**Student:** 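The structure follows.
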Protein chains: 2
Amino acid sequence: MKQKDVKIPEATIKRLSTYINCLEKLDGDGYQVVSSDLLGESCQVSPAQIRKDLSYFGEFGVRGVGYGTRSLAEQIKKILGLDHIWTTVLVGVGHLGQALLNFTAFRQHGFRIVGAFDADPAKIGTVVSDGVVIEPVSALDDTIHREQAGIGIITVPAANAQETADLLVEGGITGILNFAPIKVRVPENITLRNVSILSELDNLAYLLSNRTRRRSRKKS
Amino acid sequence: MKQKDVKIPEATIKRLSTYINCLEKLDGDGYQVVSSDLLGESCQVSPAQIRKDLSYFGEFGVRGVGYGTRSLAEQIKKILGLDHIWTTVLVGVGHLGQALLNFTAFRQHGFRIVGAFDADPAKIGTVVSDGVVIEPVSALDDTIHREQAGIGIITVPAANAQETADLLVEGGITGILNFAPIKVRVPENITLRNVSILSELDNLAYLLSNRTRRRSRKKS
DNA sequence: TTCATATTGTGATAAGAATCACGCAACCGG
DNA sequence: CCGGTTGCGTGATTCTTATCACAATATGAA
């Protein structure tokens, strides 16, 4: 087994996340062992790609046999850092925030939302999910410290995204997931991901507008 | 030179979408002309990257001067196919669906949601946004035809995502944006984008897990 | 006009990611 | 325990994307 410390393609990380989902589905379907062929079929990735992705991190399969379904899922979770609880706060309890608070898959992947914050005084005190009550943004700092939260999710309107990011950083958060449709800026030492839902739709529009091109060929 | 026959990188399309946002911001800030340097600064992309991205589609700037802020935004919108209305339906009016229905940026980019559908009988008839009333899923086919809808957005639970996709395809939709956390399958001639919010968080977890800490190697 | 300056557009090059192809390990039936 | 078959792991190869560097072109001043 070799643990390389070469740079891992971001695309690989993205795929690993989907492998987990597919593996859990296949596990539910009764497959105790899966081949890269079967897994690839299930999540629409080439078998070689899967093996290559995994090879960045070690050897998880058995030649001539395949991968243990459950065990591979566990291994990938460990690779992604999903083998422990990520304590998370969420700022901006609009519909999107509410949607994320209720998103069970988050919990299943180890993300526990311990605080929900909103600027609207009328919302303060409302119970949003199991035991989480909406707090004013002014309480952000306290809660982050008390709960030792490491991740912050931004679901406020674009206009307030940057100030929210600043508050999270100030509070001691080290990772931020930003859903507001502008790119926020954070210090070097903070890990940030901007998620642009709008650009996904834009992308779809582009694809639809230019569909004259031939689809990529499939392997036979 | 006009649009070449070359394949455009998907990453380029994604960036074009963000350029629009940045250009509109800069326009609001009073810049009538922007250089690739300024735009790059604003949206955190290298100037060369911007020029290269644009060069796939033509020449939009003036050497020694820069780009007209408004006009470049317009041009990019045209490239992405955002220069006309995309008639859209949305299935699954949970919190996420509701969030998208209220998302003003969608409308600004030309996406008009003309129908909202849900399987829950209790929700039928509720007004969700300007004049849109929640309809039963059984009405999907009719509405798609009547409104000539081209795009379908899936915001139903994972368990119902595939059947929803099938219904959309059956109804005559040509493009689908799927937010359910499983990859749905559609016929060749349908354009599909799967958006995985979960994988964004997973990705963040990975980045956080591997920031300063070098992976310890195990001896077997 | 001509020079100095700004900034685009793009071919060449480098970096990065996906695919291929094959060695090799594990299982199975006889 | 032997030969056939399956299917992983990975170096080599191909394909894709990003970066670089500079010629080309516009502006403004003298």
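As the structure is a prediction and not an experimental result, all values here were calculated from the model. No hydrogens, no waters, no symmetry mates; every other heavy atom, side chains included, goes into these values.
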**Student:** Classify every nucleotide of nucleotides 22-30 of chain D by which part a protein heavy atom approaches to under 4.0 Å, writing B for the base, S for the sugar-phosphate alone and - for neither, in 5'-to-3' order.
**Tutor:** -BBBSS---
**Student:** Counting only side-chain heavy atoms from C-beta out, which of D:dG9, D:dG7, D:dC20 sits nearest to A:S35?
**Tutor:** D:dG7
**Student:** For the pair made of OH in B:Y56 and C1' in C:dG9, what is the distance, rounded to whole Å?
**Tutor:** 13 Å
**Student:** Among A:I76, A:I8, A:L82, which one satisfies side chain to side chain contact (heavy atoms under 4.5 Å, CB included) with A:L16?
**Tutor:** A:I76
**Student:** My understanding is that only residues two or more places apart in sequence, or in another chain, count here; which of them pass side chain to side chain donor-acceptor pair (under 3.5 Å) with B:Q108?
**Tutor:** none
**Student:** Under 3.5 Å, side-chain donor or acceptor atoms of residues 40-49 of chain B against the rest of the protein: list the pairs with distances, not counting sequence neighbours.
**Tutor:**
from	atom 1	to	atom 2	distance (Å)
B:S46	OG	B:Q49	N	3.1
B:Q49	NE2	B:D53	OD1	3.2

**Student:** Enumerate the residues from residues 66-76 of chain B whose closest heavy atom to DNA chain C is under 4.0 Å, giving them by residue number; use none for an empty result.
**Tutor:** B:G66, B:Y67
**Student:** What side-chain donor-acceptor pairs closer than 3.5 Å can you find for residues 23-35 of chain B, not counting sequence neighbours?
**Tutor:**
from	atom 1	to	atom 2	distance (Å)
B:E24	OE2	B:K77	NZ	3.3
B:D27	OD2	B:R70	NH1	2.5
B:S35	OG	B:D37	N	3.4
B:S35	OG	B:L38	N	3.1

**Student:** Hey, what are the protein-to-nucleotides 2-4 of chain D N/O distances that come in under 3.5 Å?
**Tutor:**
none

**Student:** For B:S196, what residues pass the side chain to side chain contact (heavy atoms under 4.5 Å, CB included) criterion, not counting sequence neighbours?
**Tutor:** B:L198, B:S199
**Student:** D:dT17, D:dT10, C:dG9: which one has an atom nearest the side-chain heavy atoms of A:K52?
**Tutor:** D:dT10
**Student:** Please enumerate all residues that pass side chain to side chain donor-acceptor pair (under 3.5 Å) together with A:N102, with sequence neighbours excluded.
**Tutor:** none
**Student:** Scan residues 11-34 of chain B against DNA chain D and write down, sorted by residue number, each residue with any heavy atom closer than 4.0 Å; if none is found, say none.
**Tutor:** B:A11, B:R15
**Student:** Can you give me every donor-acceptor pair (side chain of residues 162-178 of chain B, partner residue at least two apart or in another chain, under 3.5 Å) with its distance?
**Tutor:**
from	atom 1	to	atom 2	distance (Å)
B:Q162	OE1	B:R185	N	2.9
B:Q162	NE2	B:D166	OD1	2.9
B:Q162	NE2	B:R185	O	2.9
B:T164	OG1	B:N160	O	2.7
B:T174	OG1	B:G150	O	3.3
B:N178	OD1	B:A180	N	2.9
B:N178	ND2	B:A180	O	3.4
B:N178	ND2	B:I182	O	2.8
B:N178	ND2	B:N194	OD1	2.8

**Student:** Of all residues at least two apart in sequence or in a different chain, which pass the side chain to side chain donor-acceptor pair (under 3.5 Å) check with B:T155?
**Tutor:** none
**Student:** Atom CD of A:Q49 and atom C1' of D:dC8: how far apart are they, to the nearest Å?
**Tutor:** 15 Å
**Student:** Apply side chain to side chain donor-acceptor pair (under 3.5 Å) to B:Q75 and list each qualifying residue two or more places apart in sequence or on a separate chain.
**Tutor:** none
**Student:** Checking contacts here: which listed nucleotide (D:dT10, C:dG9, D:dT17) is nearest the side-chain heavy atoms of B:S55?
**Tutor:** C:dG9
